[in-house]
S.K.: 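Can you read through this structure? Questions will come right after.
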Amino acid sequence: MALSKFLSLIFLQLLCVLCVLKLSNGQGLDVNFYEKTCPSLEYIVKDATAKFISRTPSLAPPLLRMHFHDCFVRGCDGSVLLNSTSSNQAEKAAIPNQFLKGFQVIDAVKSAVEKKCPGVVSCADIVALVARDAVTLIKGPSWQVELGRRDGTVSIASEALNKLPSPFMNITQLKASFQSVGLSVKDLVVLSGGHTIGISHCIGVNPRLFNFTGKGDTDPSLDPKYLAQLKRQCKPGDVTTILQMDRSPKKFDIDYYTTVSQRRGLFQSDAALLDDTETKTYVQQHLSHAGSKSFFDDFGVSMVNMGRIGVLTGKNGEIRKQCAFVN
Ligand code: HEM
Ligand SMILES: *[C@@H]1O[C@H](CO)[C@@H](O)[C@H](O)[C@H]1NC(C)=O
Ligand SMILES: *[C@@H]1O[C@H](CO)[C@@H](O)[C@H](O)[C@H]1NC(C)=O
Ligand SMILES: *[C@@H]1O[C@H](CO)[C@@H](O)[C@H](O)[C@H]1NC(C)=O
């Protein structure tokens, strides 16, 4: 019948519109992406990562940070791993990346994966898996990592400088930065919780201590006792001293939110989460929930969101043979 034929055509068209929508939302990533091509991938990665983390747990924070720095610049495409060449300053050479560490872990994991599944798994996916495994291995949250990213071939230092949020940003700038990569205000607060682990150098904080508005003043939003403590640790022009991000920098816990709410957030960008009703509400929510379960759950969800930023899939990009070099 003409009518039923017409209706079924409409139905097929609708189906197709839905399937296209689904593709653009999920971007083609899939937790089972390597099920057939590299079934033991997750085991290989976790095993190789654990060899480093068990010896040097302090590598976990920079490995988490590496995934963030990869995703915010050209999407999660492994561009942060590429080395500079004689004609190009790569992202690694940019100031916000100067303290990134753990590239040797990525390289070791990649070789272990290549032995078992040559030419199949992207460096961008390895960065995402290692970030998750590093966090889980130090008893932080776990989440399922979507896979199927492909590696980019371009890495430019100036893009890292422009795209990575700076510790001197206010809440308006932070929200804009996260929005520009498709992340929500909630993602901003939850992922800032990554600062529950690891360290910083004094230069990220010094303006708050010595010359906040250019008049030799201090940041009035800092708790005075914490300010005094930081001033004992950091000296003007200090580029070597290390500070802990919160009171328990080895433990993935909700202490970050406690310190922020007590005006003891280390960076202006941490303190800024109190300057907006929406972000402030999320900070307080993380505190008021008994234990860390809701923070852990939220963190996994936001990490998955971050892992979807600007990914290359399908026939785009390549599968790098060595993570520091394009093929
Ligand atoms: C919201 C904007 C953010 C800013 C402005 C920012 C800035 C910074 C800065 C300046 C440092 C110190 C680096 C050093 O001096 O060695 C740092 C460390 C760190 N960041 Fe962030 N960050 C932000 C978001 C994130 C996110 C989204 C994550 C991950 C989910 C993250 C994870 C970390 C970790 C784990 C460290 C410690 C690194 C280590 O121990 O070596 N940060 N961040
Ligand atoms: C690539 O860069 C890493 C880290 O910056 C460095 O350790 C390594 O030696 C470089 N590799 C080569 C072959 O230049
Ligand atoms: C944030 O910083 C920008 C750039 O310096 C400035 O224009 C804006 O007024 C600041 N916003 C707030 C809320 O402080
Ligand atoms: C503080 O900042 C002002 C303005 O940027 C600058 O002129 C001055 O030299 C700085 N003072 C110190 C002690 O760094």
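Numbers for residues simply follow the sequence, beginning at 1. Quick caveat: nothing in here was measured; it's all calculated off a predicted structure.
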S.K.: Check this for me, if you would: do Asp275 and Lys280 make a salt bridge, where the nitrogen-to-carboxylate-oxygen distance has to be below 4.0 angstrom?
M.R.: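 Salt bridge: no.
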
S.K.: Does Thr241 form a side-chain hydrogen bond (donor to acceptor under 3.5 Å, both in side chains) with Asp238? I'd like the steps, not just the answer.
M.R.: CA-CA 7 Å; Thr241 305; Asp238 187 337; 2.6 Å; yes

S.K.: Got Met245 and Ile197 here, is their nearest side-chain heavy-atom distance under 4.5 Å?
M.R.: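 With C-beta onward as the side chain, the pair stays apart.
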
S.K.: Mind checking what makes ring pair (Phe, Tyr, Trp, His ring centres under 6.0 Å) contact with Phe178, not counting sequence neighbours?
M.R.: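 Here the qualifying residues are Phe72.
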
S.K.: Are Thr85 and Asn88 linked by a side-chain donor-acceptor pair shorter than 3.5 Å?
M.R.: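 Checked: Thr85/Asn88 side chains show no N/O donor-acceptor pair below 3.5 Å.
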
S.K.: Does Gly314 offer a backbone N or O that forms a donor-acceptor pair with the side chain of Arg150 under 3.5 Å?
M.R.: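 It does hold such a pair.
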
S.K.: Scan for disulfide bond (SG atoms under 2.5 Å apart) pairs involving residues 39-103, sequence neighbours excluded, and state none if there are none.
M.R.: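 Found Cys71-Cys76.
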
S.K.: Pairs in or reaching into residues 214-242: which pass ring-ring contact (aromatic ring centres under 6.0 Å, His included), with residues at least two apart or in two chains?
M.R.: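 Sorted result for residues 214-242: empty, none.
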
S.K.: Inspect the surroundings of NZ in Lys225 and state if more than 12 heavy atoms from other residues, nucleotides or ligands are less than 6.0 Å away.
M.R.: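 No, because the 6.0 Å sphere around NZ of Lys225 holds 12 heavy atoms or fewer from other groups.
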
S.K.: Quick check: closest heavy atoms across Gln244 and Pro249, and the distance to 0.1 Å?
M.R.: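 So the minimum-distance heavy-atom pair works out to CB-CG, 3.4 Å.
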
S.K.: Might you work through the side-chain hydrogen bond (donor to acceptor under 3.5 Å, both in side chains) test for Asp297 and Ser294, ending with a clear yes or no?
M.R.: CA-CA 5 Å; Asp297 290 348; Ser294 76; over 6 Å; no

S.K.: Is the count of non-hydrogen atoms from other residues, nucleotides or ligands lying under 6.0 Å from Gln229 atom CD greater than 12?
M.R.: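 Yes, because the 6.0 Å sphere around CD of Gln229 holds more than 12 heavy atoms from other groups.
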
S.K.: Do Leu230 and Phe212 belong together in a cluster built from hydrophobic side chains that touch within less than 4.5 Å?
M.R.: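 No: no chain of side-chain contacts under 4.5 Å links Leu230 to Phe212.
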
S.K.: Does CD belonging to Gln262 count more than 12 external heavy atoms closer than 6.0 Å?
M.R.: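 Yes, CD of Gln262 has more than 12 neighbouring heavy atoms, counting only those of other groups under 6.0 Å.
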
S.K.: As a quick check of understanding, evaluate side-chain hydrogen bond (donor to acceptor under 3.5 Å, both in side chains) for Asp298 and Tyr282, giving each step before the final call.
M.R.: CA-CA 11 Å; Asp298 286 350; Tyr282 282 131; over 6 Å; no

S.K.: Can you give me the closest heavy-atom contact between His67 and Val127, atom names plus distance?
M.R.: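 Taking every non-hydrogen atom into account, CA-CG1, 3.6 Å.
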
S.K.: Using side-chain heavy atoms (C-beta onward) and a distance below 4.5 Å, is Gln268 in contact with Met169?
M.R.: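 A side-chain contact under 4.5 Å is absent here.
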
S.K.: Side-chain donor-acceptor pair under 3.5 Å between Tyr257 and Asp246, yes or no?
M.R.: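 No - no donor-acceptor pair under 3.5 Å links their side chains.
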
S.K.: Considering only residues two or more places apart or on different chains, which pairs with a residue in residues 169-200 satisfy disulfide bond (SG atoms under 2.5 Å apart)?
M.R.: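 Found none.
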
S.K.: So which pairs with a foot in residues 143-205 pass disulfide bond (SG atoms under 2.5 Å apart), sequence neighbours left out?
M.R.: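 Checked against disulfide bond (SG atoms under 2.5 Å apart) - neighbours excluded - the pairs reaching residues 143-205 are Cys202-Cys234.
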
S.K.: Could you check whether Phe252 and Phe295 have their ring centres less than 6.0 Å apart?
M.R.: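 Yes; Phe252 has its ring centre under 6.0 Å from that of Phe295.
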
S.K.: Give me the other members of the hydrophobic cluster that Ile156 sits in, counting Ile, Leu, Val, Met, Phe, Trp and Tyr linked by side-chain heavy atoms under 4.5 Å, directly or via other members.
M.R.: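 Under the 4.5 Å side-chain rule, Ile156 groups with Val154.
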
S.K.: Report yes if the side chains of Leu183 and Leu191 come closer than 4.5 Å at any heavy-atom pair, otherwise no.
M.R.: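 Yes, at least one pair of side-chain atoms sits under 4.5 Å.
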
S.K.: Side chains of Thr136 and Asp133 only: does a donor on one sit below 3.5 Å from an acceptor on the other?
M.R.: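 No donor-acceptor contact under 3.5 Å links the two side chains.
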
S.K.: Between Ser177 and Lys163, which heavy-atom pair has the shortest distance, and what is it?
M.R.: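 So the two residues come closest at OG-O, 4.2 Å.
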
S.K.: Which other residues end up in the same hydrophobic cluster as Ile242, if Ile, Leu, Val, Met, Phe, Trp and Tyr are linked when side-chain heavy atoms come under 4.5 Å apart?
M.R.: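 Ile199, all in the cluster of Ile242.
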
S.K.: Where do Asp107 and Cys323 come nearest, in terms of heavy atoms and distance?
M.R.: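 The answer is OD1-CB, 4.0 Å.
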
S.K.: Identify, with sequence neighbours excluded, every residue that meets ring pair (Phe, Tyr, Trp, His ring centres under 6.0 Å) alongside Phe267.
M.R.: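 Partners of Phe267 under the ring pair (Phe, Tyr, Trp, His ring centres under 6.0 Å) test: His195.
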
S.K.: Looking only at heavy atoms, which two atoms of Ala94 and Leu161 are closest? And how far apart?
M.R.: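 Closest pair (atom of Ala94, atom of Leu161, distance): CB-N, 4.3 Å.
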
S.K.: With a cutoff of under 4.5 Å between side-chain heavy atoms, which Ile, Leu, Val, Met, Phe, Trp and Tyr residues group with Leu82?
M.R.: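 Hydrophobic cluster check, Leu82: joined to Val326.
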
S.K.: Using salt bridge (charged side-chain N to carboxylate O under 4.0 Å, His left out), reason through Asp219 and Arg208 one step at a time and then give a plain yes or no.
M.R.: CA-CA 5 Å; Asp219 183 345; Arg208 304 185 81 189; 2.9 Å; yes

S.K.: Just to verify, what does Thr218 make a side chain to side chain contact (heavy atoms under 4.5 Å, CB included) with, not counting sequence neighbours?
M.R.: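 Only Leu227, Lys231 meet the side chain to side chain contact (heavy atoms under 4.5 Å, CB included) criterion with Thr218.
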
S.K.: Let me confirm one number: the SG-CD1 distance from Cys117 to Ile319, rounded to the nearest 0.5 Å.
M.R.: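 Separation between the atoms: 11.5 Å.
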
S.K.: List for me each residue that meets side chain to side chain contact (heavy atoms under 4.5 Å, CB included) alongside Ser79, sequence neighbours excluded, and say none if there are none.
M.R.: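 For Ser79 the side chain to side chain contact (heavy atoms under 4.5 Å, CB included) partners, ignoring immediate neighbours, are Asp70, Arg74, Asp77, Glu91, Ser155.
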
S.K.: Quick check: closest heavy atoms across Ser200 and Val205, and the distance to 0.1 Å?
M.R.: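 Where Ser200 meets Val205 most closely, the heavy atoms are OG-CG2, 4.4 Å.
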
S.K.: Can you tell me which residue pairs pass the ring-ring contact (aromatic ring centres under 6.0 Å, His included) test with a partner in residues 106-153, sequence neighbours excluded?
M.R.: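 ring-ring contact (aromatic ring centres under 6.0 Å, His included) check on residues 106-153 returns Trp143-Phe299.
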
